[in-house]
Amino acid sequence: MTATPIRARSMGTHLTRLDGHEKVTGRATYAAEHGFTLPERPLHAWLVTSTIPRGRVERVDASDALAHRGVVTVVDHTSARRLAKPDDAELAVLQDDAIAFRGQIVAVVLAETIEAAREGARLVRVHQTPADSAPQVVIEDGEPYTPEAANAGHEPDVVQGDVDAALARAAVTVDATYTTPHEFNNPMEPHAVTATWDGDTLTLWDSTQSVHGVAAVLGRALGLARGKTRVLAPYVGGGFGSKGLPHAPEMAAALAAFAADGRPVQLAVTRQQMFALTGYRTQTESRVRLGAEPDGRLVAITHDALSQTSRYKEFVEQTATAARMMYAADARSTTHRVVPLDVAVPAWMRAPGEMPGMYAHEVAMDELAVACGVDPVDLRVRNEPEVEPETGNPFNERRLVECLQRGADRFGWADRDPEPGSRLVGDWRVGLGMASATYPALFMPGNTARIRALGDQRYAVDIGAVDIGTGARTVLTQIAADALGVEPGRIELSLGDTALPKATVAGGSAGTSSWGTAIVLAAQQLRADHGDDPDAGVESSSTSEGYPDMENLALHSFGAVFVEARVHRWTGEVRVPRMLGVYSVGRVINPTTARSQLLGGLVMGLSGALFEDGYRDPRHGHVVTQDLATYHVASHADVGDLQVEWLDEEDTAATPMGSRGIGEIGIVGTAAAVANATFHATGTRVRALPVTADHFLG
Ligand code: MOS
C-alpha cells in the first residue's frame with residue numbers, strides 16, 4: 001500500500017509544543033536522571049581517558065582509587081565484558097590495550113556519588129607506553145587516499161565532461177581553496193546514559209537521536225539476542241548528529257553496568273570529554289575551480305575536497321556532493337580524499353558535507369560574480385539547471401529563484417552598493433552578502449507505526465521515533481490527527497522507546513518525513529481495513545518502503561540567505577546586525593517549531609562563520625579548546641535581527657504530508673553569506689572559517 005496525500009487541518013497551525021510544560025517545569029526526565037527513578041540506587045560512572053595519542057596501556061593501577069571512600073570498582077580492558085563482535089573500533093571499548101588517540105576511554109570508575117567517581121578517576125594511574133613511531137595528528141602530516149564509497153555515502157569521485165578543457169576555454173575563471181576548521185556539536189544536554197542489566201537484558205536510557213539504532217548496534221556488538229536490548233529516550237536535550245549513532249560512552253556505560261552487580265549505572269559525558277568521544281566535524285579543505293562565459297554562465301565546476309579521518313575508523317565528510325546538483329555546467333568534477341590520523345574519529349554534525357561544501361562553493365560563486373561584474377543574485381539565477389545535473393532527473397520542486405528574489409526584495413538588496421568597501425557608517429564598514437542553500441529531501445525506509453482506535457474518536461499512535469527537541473512529538477501528533485481526521489487532542493502519541501515499532505534516526509532532516517509517512521500509511525490502512533468504524537479496537541502497522549520516487553525525481557529543498565555584516569575599521573571586529581533566510585521546504589507542518597529549526601540553523605551557521613574553531617594540539621592531537629569558554633558558539637549577544645520565511649508550498653511527491661525536511665538547511669550556505677557580506681563590507685576576501693578580526697587588519 002502506498003500513502004495518498006492527506007488534507008491539512010491541524011498541519012500548518014501553530015500547535016503549542018506538547019512537551020513544553022514538562023520541560024519548563026523540570027518534570028521531563030533526561031537520560032542521566034533515570035537512575036533516580038529505579039528501585040536500586042545507581043552508581044555514578046566517570047571515564048578515565050588516555051593521555052598519549054598512540055601506544056599501549058601497560059597497566060591500570062586502581063589501588064588509590066579503590067581506597068577512596070565511595071569508589072566501588074574500576075573497570076579496565078582486563079576486566080570488561082568481552083564483545084561478541086568488536087569489529088567497530090569506536091565501540092570496541094576496553095577490549096584490548098591499544099591506544100588509538102588521546103582521550104580514548106581506558107577505564108571507568110564506579111562510585112556511590114558523582115564526586116567520588118570523579119576523584120576516583122583522578123586517582124587511577126594509567127601506565128602507558130607510546131608507540132615507536134611518531135603519531136600523525138595534523139592533516140599536513142598524512143597521506144590522502146580515496147575513501148570507500150560506502151563510508152562517503154556517495155561515490156567519492158564523479159566526473160562529467162572534460163573540465164580541464166572547459167576551464168582552459170572559459171572566459172572567466174575562479175580557482176581558490178577554502179578551509180573550515182574542526183567543529184564540535186554542543187547540544188545543551190551532554191551525551192548521557194543510564195544503563196542497567198537484568199540477567200541478559202540490557203536497558204539504556206540514552207540521550208540519542210535513534211533508540212532503535214542504538215539498540216541494534218549495541219545489541220549486536222554485545223552479542224545479545226534480539227529484543228534483549230531496550231533503549232528509551234523520552235526527552236533529549238538537543239542533538240545535531242553527534243547523537244545520531246552510538247559512540248564509545250554508551251558502550252562504556254553498558255560494560256560498566258555489567259560490572260555493577262545488578263545496580264544501574266549513570267554516566268554523563270563531561271563537556272570536555274565530548275570533544276574527543278562523541279564525534280565532530282572534521283576540518284575540510286576545498287579547492288573550487290569555476291569556469292564561466294563573460295556573463296557568468298558556468299561551463300565548468302570542480303570541487304576537490306580533502307578532510308581528515310581517524311586511522312582506526314573511517315569517516316568521510318561528503319563535502320563536494322552539493323556541487324553535483326547545485327548549478328548548471330557541462331563539465332563537472334567532484335572528488336573526496338581523506339587523510340587518516342591518530343586522532344578521535346569524526347562523525348556527523350548538522351548538514352555533514354553541505355555545510356563546509358556550500359561554504360566553499362558559495363564563496364567561490366561570490367568571487368565569480370565579482371570577476372564577471374554580475375550581481376551575485378543574478379549570477380545564481382543565470383545558472384539554474386533544467387534538470388538535476390548529476391542524474392538528469394527532473395527536479396520535483398526547485399524554487400531557488402523564488403527564494404532568491406523574495407529574499408532580495410525583502411532584504412533591500414537593490415540598494416546594495418555595487419562596489420565593495422564603499423560604505424562606512426561611523427567606524428564600521430558595512431556590506432551585504434548572500435548565498436544559496438540546499439539540502440536533499442531525504443527519506444528513510446523501514447519505519448513502522450502502530451495505531452489503535454481507543455473509542456470516542458481517540459487513537460493511540462506508537463512509533464519508536466525520538467523528539468530531540470525539534471518538536472517531533474508535536475508535529476507527528478498533527479500528522480496523525482490529519483491522517484485520521486480528528487483533532488490533535490484525540491491523539492495519544494508514544495515515542496522514544498524500542499518497545500514501540502521500529503523507526504529510523506532523527507537525522508538527515510528526514511525524521512518527520514519518514515516517520516510521518518509511516519503514520520499516514522498506518523492510518524490509511526486502518527481506514528481501509530475498518531472503514532468508517534473509528535471505534536474498532538485494532539492495530540495496524542505499515543512500513544514506509546517504496547515512497548517516494550527517489551529514483552526518478554530529484555527531491556531537494558532550497559533557500560537563500562541574506563546577511564548584513566559590519567567590520568570595524570580599526571579592530572576588525574565583525575558583527576552581523578541582520579540576517580534573512582527564505583526557504584522552499586515543502587509544507588511547513590508547524591510554523592512555530594519550523595521557525596525554531598530554521599532560526600537555529602541560521603544561528604549555527606553564523607556561529608560557524610564567525611567563532612567556532614577547534615584547535616588541535618599538533619603534538620598529541622587532542623582538542624585544546626574543549627569547553628564553551630574557548631570554543632565559542634554564538635550566543636544571544638551575537639545574534640541581531642534574524643528573520644526566516646518560507647514559500648507556500650505542498651510537495652506531495654516527497655511525502656503524503658507535502659513536507660520535506662527542515663532540520664539542516666538553515667546552516668547550509670549561511671557561513672558563505674556572512675563571509676560574502678564581510679567581503680562586500682571591506683573588499684577583503686576571507687577563504688578560511690572562521691572569519692575572525694585578524695583577517696581584516698594590516
Ligand atoms: Mo544530522 S548531522 O543528520 O543528525
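Both counts, for ligands and for their atoms, begin at 1 and track the order of listing.
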Requested in this report: Determine whether the side chains of Tyr439 and Glu664 contain a donor N or O and an acceptor N or O closer than 3.5 Å.
Outcome: yes

Query raised in the report: Of the options Phe184, Trp348, Phe315, which is the one that meets Tyr280 in a ring-ring contact (aromatic ring centres under 6.0 Å, His included)?
Result: Phe184

**Report entry** ring-ring contact (aromatic ring centres under 6.0 Å, His included) involving His361 - partner list, sequence neighbours excluded
**Finding:** Tyr327

Query - Element-labelled atoms of ligand 1 that are located less than 4.0 Å from some non-hydrogen atom of Gly241 - result: 1 (Mo), 2 (S), 4 (O)

Query - Which of the ligand 1 atoms, numbered from 1, are nearer than 4.0 Å to a heavy atom of Gln209 - result: 4 (O)

Query raised in the report: Would you say Arg350 and ligand 1 have an N/O pair spaced under 3.5 Å apart?
Result: no

Query raised in the report: Looking only at protein heavy atoms, which one is nearest to atom 1 (Mo) of ligand 1, and how far off is it?
Result: Glu664 OE2, 3.3 Å

Report summary line: Within 4.0 Å of some non-hydrogen atom of Gly507, the atoms of ligand 1 are 3 (O), 4 (O)

**Report entry** Electrostatic pair Glu22-Arg473, nearest N-O below 4.0 angstrom
**Finding:** no

Report task. Under 4.0 Å from a heavy atom of Pro352: give me the atoms of ligand 1 that qualify, with their elements. Result -> 2 (S)

Query raised in the report: For atom 3 (O) of ligand 1, what is the nearest protein heavy atom, given as residue, atom name and distance?
Result: Gly508 N, 2.5 Å

Requested in this report: Could you tell me which atoms of ligand 1, counted from 1 in the order shown, lie closer than 4.0 angstrom to a heavy atom of Trp348?
Outcome: 2 (S)

Query raised in the report: To the nearest 0.1 Å, how far is atom 2 (S) of ligand 1 from its closest protein heavy atom, and which atom is that?
Result: Phe240 O, 3.1 Å

**Report entry** Partners passing side chain to side chain contact (heavy atoms under 4.5 Å, CB included) against Trp515 (at least two apart in sequence or in another chain)
**Finding:** Asn447, Ile463, Ala465, Ala472, Leu476, Ala503, Thr504, Ala506

Query raised in the report: Will you find, in the side chains of Thr334 and Arg324, an N or O donor that is under 3.5 Å from an N or O acceptor?
Result: yes

Query raised in the report: How about Met355 and Glu317: do any of their side-chain heavy atoms sit closer than 4.5 Å?
Result: no

